[in-house]
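See structure below.
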Protein chains: 2
Amino acid sequence: MPPLSRAENRAEQTRAILDRARAQLAEVGPAALSVRQIAREVGLVSSAVYRYFPSRDELLTALIVEAYEELADAVEEAEAGVRRRTALDKRFLAVAHAIRGWALAHPHQYALLYGSPVPGYVAPDTTVNSAGRISGAFLRLAQESEVAGDEHAPALPVGTAEHRALGGIRPALETPVSDQRTVRWLMAWSTVFGHVSLELFGHMHRGILDYDAHFKQVTGQLVADLGLRPARG
Amino acid sequence: MPPLSRAENRAEQTRAILDRARAQLAEVGPAALSVRQIAREVGLVSSAVYRYFPSRDELLTALIVEAYEELADAVEEAEAGVRRRTALDKRFLAVAHAIRGWALAHPHQYALLYGSPVPGYVAPDTTVNSAGRISGAFLRLAQESEVAGDEHAPALPVGTAEHRALGGIRPALETPVSDQRTVRWLMAWSTVFGHVSLELFGHMHRGILDYDAHFKQVTGQLVADLGLRPARG
DNA sequence: CCAAAAGCAAGAGCACCGCTCTCGTTTTGT
DNA sequence: ACAAAACGAGAGCGGTGCTCTTGCTTTTGG
């Protein structure tokens, strides 16, 4: 076979490093991820890795972006699987369970995304976009629920302070959503991720005996509170 | 002054190490906490520290316990500050805002408790007790709300699976609480910690423009959903 | 009371880490 | 054809957690 061109080799090495890094992340977690160990596994000396990633943090950032994309893929795929002619309640449940399912299947990656931020790390713009795909799934459903005229559970009036606080959300909406409904959806967002984090990080230990059942109950309640109707009206 | 007895010296050194460790934790976070650096600051050689804490993880565990106690103190103090003749809604708000306030004031400690678990770390029983004080505050309010007969927002029926899943909660209750109310309170718990974690770990960046206002709105909505009445009936 | 035991601090040392720099070699673009 | 750029290897720096040995001091038991 012909020798690899420099560009090909670079692409392949980069991928190999990322593959091993992802595997190591899944095994030992982000804190124990070692550039030297990755170099060994990929057949390089440690300093050579720095030709591809300028620092351990940059490598971790790449893994964070990857993880966001994976989670976003899982979420969108789950929603797409039930999209056509499916009511919003089922789509919301699909999204929520996709998030939890992915988190349980990839605990270290989830912790990397939603656990304590890595010390020296500040989110680059690339991760912001990826992260937007997750919240985007919620926002899309919220908008559709608004146009469908779903009647969510009674919500407190929204004062001017909170109205202003929500100012960062509105630009992301193509269809306007009432402040009250926005608050309810943000709460659902917090509840889902709060539940998953508390479960995954061990804070429900000895309290909840059946995580699956309880999450089902919680998401069901969220569907009710959001006023997502099972049939289409 | 008389020379310190061995026991006195040991207690003092242990405290000095913990003090410096806590300070370092607050400054650089748990991942960058260094036994050698602590030893330097406390005027010891690194190996001497191991006479007091057998490993870095044990030292971190001690800090976790301390942090739990601190948070629990803050929560109970906040609740006690408004306890007498105060309605449940204000007490719940006091608890929720105490949690968030403490988290904002001690972000690294909060991350240590509710962020990604430290890799090699498994919670010893001592931390379980401390953690129980936090959830205990919620459970106490839930019980009082039950005996007060508060009417929470409509809740889905609880099937046998979820009833069994809640089996770990009931033993911790002195006064029985209905399954539906228990679910609502667990959801409030997830929402509060979910919100704080999402806020603190940067996931609301560019979305929510005023965290204080939004948290106020969310906790107010939780009060309503839990049916906590402002006046006493 | 005094020797044995136990506790303590220090230092050297091991294996690892992230990262930098230099030095030949190979590929690239002109 | 040749200079420039990219690359891999190796040595090395300063740091880490942790262990072990060596002396010294305090406590303890006969």
Atom-to-atom span, [atom1] of [X] to [atom2] of [N] - whole angstrom:
{"X": "A:F53", "N": "C:dT20", "atom1": "CZ", "atom2": "P", "value": "16 Å"}
{"X": "A:L59", "N": "C:dC19", "atom1": "CG", "atom2": "C1'", "value": "14 Å"}
{"X": "A:L44", "N": "C:dC19", "atom1": "CG", "atom2": "P", "value": "16 Å"}
{"X": "B:Q24", "N": "D:dG15", "atom1": "CD", "atom2": "C1'", "value": "13 Å"}
{"X": "B:N9", "N": "C:dC8", "atom1": "CG", "atom2": "C1'", "value": "9 Å"}

Which is true for A:Q13 with a 4.0 Å heavy-atom rule: it touches a base, it touches only sugar-phosphate, or it touches nothing?
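Answer is sugar-phosphate: A:Q13 comes under 4.0 Å of backbone atoms only.
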
Tell me, yes or no, whether the heavy-atom count around B:E77 atom CD, taken from other residues, nucleotides or ligands under 6.0 Å, exceeds 12.
no

Tell me yes or no: between the side chains of A:Q143 and A:R140, is some donor less than 3.5 Å from an acceptor?
no

Side chain to side chain contact (heavy atoms under 4.5 Å, CB included) between B:Q24 and B:E41, worked out:
CA-CA 10 Å; B:Q24 205 178 112; B:E41 294 177 3; 4.0 Å; yes

If we ignore hydrogens and angles and just use 3.5 Å, is the side chain of B:R100 paired with the main-chain N or O of B:H195 as donor and acceptor?
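A pair under 3.5 Å: no.
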
Under 4.0 Å protein heavy-atom contacts per nucleotide of nucleotides 16-24 of chain D, with B for base, S for backbone only and - for none
BBBBB----

Please identify each residue that fulfils side-chain hydrogen bond (donor to acceptor under 3.5 Å, both in side chains) with B:D210, with sequence neighbours left out.
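None.
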
Please test B:R10 against B:Q13 for side chain to side chain donor-acceptor pair (under 3.5 Å), starting from the C-alpha separation and ending with a verdict.
CA-CA 5 Å; B:R10 178 163 191 89; B:Q13 290 281 42; over 6 Å; no

